[in-house]
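Chain letters run A, B, ... following the sequence lines, proteins first and then strands; every chain starts at 1.
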Amino acid sequence: MNKIRTRFAPSPTGYLHVGSLRTALFAWLLARQNKGQFILRIEDTDKNREVEGSIEHIIKSLKSLGLNYDEGPDINGPYGPYRQSDRLDIYKEWALKLVQKGRAYAEEYSEEEIENFRIEAKKSKEPFLYRNYRPKELKGYTKGKALRFKSDPKDYSYNDLIYGDLKTSKEAIDDFIILKSDGYPTYNFAHIIDDYLMQITHIIRSSEFLASVPKFLNLYEALDIKAPQFATVPAVLGPDGKKKLSKRDNAKDALDYLKEGYLKEALTSFMATLGWNDGTEQEIFSLNELIEKFSIEKVQRSPANFDEKRLIYINGYFIRNLDLDKLYDLSKEFWPKEASGYDDLYKKKVLGLLKERLKYLSELKDLSIFFFRELEINESLIKDNSKLSVLTNKKIIELLSASKETLSKSNFEVEDIKNRLNDLLIKLDQKPAILFSLIRIATTQSPSSPGLFETLNLLGKKETLKRIDRQIAAF
RNA sequence: GGCCCCUUCGUCUAGUGGUCCAGGACACCGGGUUCUCAGUCCGGUAAUCGCGGGUUCGAAUCCCGCAGGGGUCACCA
């Protein structure tokens, strides 16, 4: 039994959203769970569409998610090179073999002529098939001309690991271009040669290629190559549920999520469960659990909608369940700049209080700011509070003064603060909704914060009393 | 238009002839948790399983038809 080898073969067009990476994830999982290899191959056969820097971008995306590959353009391997533009000689050699067998021929028509065929076909409501116009006399390889595959149309039935048994008709098979006039191969040709030479055992790719499979099957035959196993992954749809996920419908580049403080395991768990589950009621999976439990056969056949709300939930779940020290390491670049003067211990305590409330790490900045800097007095916090807005200024000052008085006697341990404020509640005959709210607002000037006692404890006595004073002075 | 694929709560899904007048999760709505937000706990709304025929004692599950949606028909991948 030979080892499973899968690959991710993106073209460097500069953008990798969650849907594309999901395909990579599935291929990676299949390889890892079988102790096989995962290969990164760059399909840069279209110079016009290539975007500067996107290879680095792809590599970074994979690595950031923990999807390491065994062979690839930057690390090489036994079947390199791993950029198609570095393999042009190989494609030409294989194309010539096809010519020799009489299974490939030079393009005969001009672009305009072909365009006219196409219009003609459209008019008569028929699919455009180039082979209907195939010249009687076929020319061999001609420099400067595209090279076409001479197809042998027939029906096929084959098995797809996800879609199951599929049947296709000969109408799907045509004479397609294998080598462009600039000498570069097309995807349709290059990937077949490369997968063969790189000994890929399973092709995992998205469903827009499904309609092309009969063509590929025909080419495998002509080349006398045994086709690998196919696993076609359905598209990921945008939130509207209509069209494929694209930039338009808030499909962020996958790296953007990392930048906003989404955890890599939250992302992989989300991507995997977009169209896959293990048949149990488990909803969230670590990367290791995915390796253990993933099965390509259980991937859904219908396209899934991208629901960012679910991703946000999953991310919060991972944050809450992460060890505080680990979370602190990950949080490094998300603190407000005012935090730089504070030591690790203090920041770690702040993070401990905020951990339960973070959906993604970039929220840290706003949620933690008052621990590092005194905020401006925010009058609306009292004015817009139905219970507080009815109090007279005099009453508020009285309550805050009493609070300050009480707190000034505290040793500022959480328990002590709690006990003293509870006593004060009784003494003043007040509800927490009044007294605690006032203190919370005075000390944080924020619409939300962690628990009052813990917050005051962290702020410390001096800072707490100072902030209450300032609130009093504002009336 | 040809070829191909898909169709269970708003969303992700469980489900492969009876235990499903359909289960879980997200979202949403109530309530508890001494203050806010979040979390957490408890509860709720939500799918006549795309539609129509069959087969069967019995169908989300099998068969046939239809409809809707999507993909593809490039010297893009």
Side-chain angles (χ1 to χ4, degrees), chain A residues 9-11 13 43-46 48-49 107 111 114 118 121-130 145-148 160 163 166-174 176-182 184-188 190-191 205-215 232 234-235 237 239 241-244 270 273-284 300-314 316-317 320 354-359 363 367 381 385 387 418 421-422 425 431-441 444 446-453 455:
Chain A
S11 58
T13 50
E43 312 226 314
D44 56 342
T45 55
D46 186 352
N48 300 323
R49 293 208 316 156
E107 175 65 272
E111 270 180 60
I114 294 175
R118 210 171 267 133
K122 188 145 193 154
K123 242 192 238 166
S124 56
K125 301 215 178 224
E126 296 204 349
F128 170 60
L129 286 172
Y130 185 95
K145 296 268 186 198
L147 195 67
R148 276 186 191 271
D160 183 285
Y163 278 84
L166 296 170
K167 284 195 207 320
T168 69
S169 313
K170 53 169 80 71
E171 284 80 0
I173 295 178
D174 196 14
F176 58 94
I177 288 177
I178 58 177
L179 238 41
K180 304 181 223 174
S181 53
D182 63 3
Y184 278 70
T186 57
Y187 166 85
N188 295 337
H191 89 272
R205 68 180 147 209
S206 52
S207 61
E208 67 251 40
F209 294 106
L210 201 55
S212 301
V213 170
K215 278 190 249 193
T232 303
L237 269 28
K242 292 263 185 209
K243 283 270 158 39
K244 273 196 300 177
F270 171 73
T273 54
L274 240 193
W276 172 85
N277 74 87
D278 70 344
T280 72
E281 288 187 350
Q282 183 169 352
E283 309 280 352
I284 293 178
Q300 207 74 229
R301 279 190 279 271
S302 56
N305 285 17
F306 178 87
D307 179 12
E308 200 177 38
K309 289 229 173 84
R310 229 181 103 246
L311 172 58
I312 290 172
Y313 167 79
I314 292 173
Y317 179 90
R320 270 175 264 131
L354 258 17
K355 190 178 159 189
E356 302 277 295
R357 306 153 221 259
L358 287 172
K359 304 274 198 224
E363 287 185 320
L367 292 183
L381 289 176
N385 180 312
K387 289 195 176 105
K418 180 179 169 188
L421 289 182
N422 275 333
L425 228 39
K431 290 265 188 287
I434 304 282
L435 189 66
F436 290 1
S437 290
L438 269 179
I439 301 172
R440 206 189 63 73
I441 290 167
T444 66
S446 299
S448 73
S449 71
L452 181 61
F453 315 130
T455 300

>> Using the side-chain heavy atoms of Leu210(A), tell me which of these nucleotides is nearest: rG39(B), rC4(B), rC3(B).
In response: rC4(B)
> Looking at Ser169(A), does any N or O in its side chain come under 4.0 Å of the phosphate oxygens OP1/OP2 on rC4(B)?
Replying inline: yes
>> Rounding to an integer number of angstrom, what distance separates rG52(B) and rA67(B) when you compare their P atoms?
In response: 15 Å
> Mind checking the P distance from rU13(B) to rC57(B)? Whole angstroms is fine.
Replying inline: 36 Å
>> Using the side-chain heavy atoms of Ser448(A), tell me which of these nucleotides is nearest: rU34(B), rC76(B), rC37(B).
In response: rC37(B)
>> Counting only side-chain nitrogens and oxygens, does Thr186(A) get under 4.0 Å of the OP1 or OP2 atom of rA74(B)?
In response: no
>> Under 4.0 Å from OP1 or OP2 of rG71(B): is there any side-chain N or O of Arg301(A) that close?
In response: no
> Partner of rU7(B) by Watson-Crick or G-U wobble geometry, both contacts under 3.5 Å, or none?
Replying inline: rA67(B)
>> Using a 3.5 Å distance criterion without hydrogens, assess whether the side chain of Tyr130(A) forms a donor-acceptor pair with backbone atoms of Phe176(A).
In response: no
> Expressed as a whole number of Å, how far does the P atom of rG71(B) sit from that of rG65(B)?
Replying inline: 25 Å
>> So Leu274(A), base contact, sugar-phosphate only, or nothing? Heavy-atom distance under 4.0 Å.
In response: sugar-phosphate
>> By the 4.0 Å heavy-atom rule, please label Glu111(A) as base, sugar-phosphate, or nothing.
In response: nothing
> Which value, in whole Å, describes the distance between the P atoms of nucleotides rG39(B) and rC26(B)?
Replying inline: 10 Å
> So what's rC28(B) paired with, Watson-Crick or G-U wobble, going by both distances under 3.5 Å?
Replying inline: rG44(B)
>> Donor-acceptor pair, distance only, cut-off 3.5 Å: does the side chain of Thr280(A) make one with the backbone of Asp278(A)?
In response: no
>> Nearest to the side chain of Phe128(A), heavy atoms from C-beta on, is which of rA74(B), rA77(B), rC35(B)?
In response: rA74(B)
> Would you call the rings of Tyr187(A) and His191(A) parallel, tilted or perpendicular, where under 30° means parallel and over 60° means perpendicular?
Replying inline: parallel
Can you tabulate the close N/O pairs, meaning under 3.5 Å, that link protein atoms to atoms of nucleotides 23-27 of chain B?
unit_1, atom_1, unit_2, atom_2, d
rG23(B), O2', Glu281(A), OE2, 3.2
rG24(B), O4', Glu281(A), OE2, 3.3
rG24(B), O2', Glu283(A), OE2, 3.3
rG24(B), N2, Glu283(A), OE1, 3.4
rG24(B), N3, Glu283(A), OE2, 3.3
rA25(B), O4', Glu283(A), OE2, 2.8
rC26(B), OP1, Tyr313(A), OH, 3.2

> Expressed as a whole number of Å, how far does the C1' atom of rA22(B) sit from that of rU8(B)?
Replying inline: 8 Å
> Does OP1 or OP2 of rC73(B) have a side-chain N or O of Lys170(A) closer than 4.0 Å?
Replying inline: no
>> Checking contacts here: which listed nucleotide (rU72(B), rC6(B), rC37(B)) is nearest the side-chain heavy atoms of Ala211(A)?
In response: rU72(B)
>> Does rU13(B) have OP1 or OP2 under 4.0 Å away from a side-chain N or O of Gln282(A)?
In response: no
> Relative to the 5' end of RNA chain B, which residue comes earlier, Tyr163(A) or Pro10(A), by the nucleotide with the nearest heavy atom?
Replying inline: Tyr163(A)
> Considering only rG71(B), rU34(B), rC6(B), which nucleotide approaches the side chain of Glu208(A) most closely?
Replying inline: rG71(B)
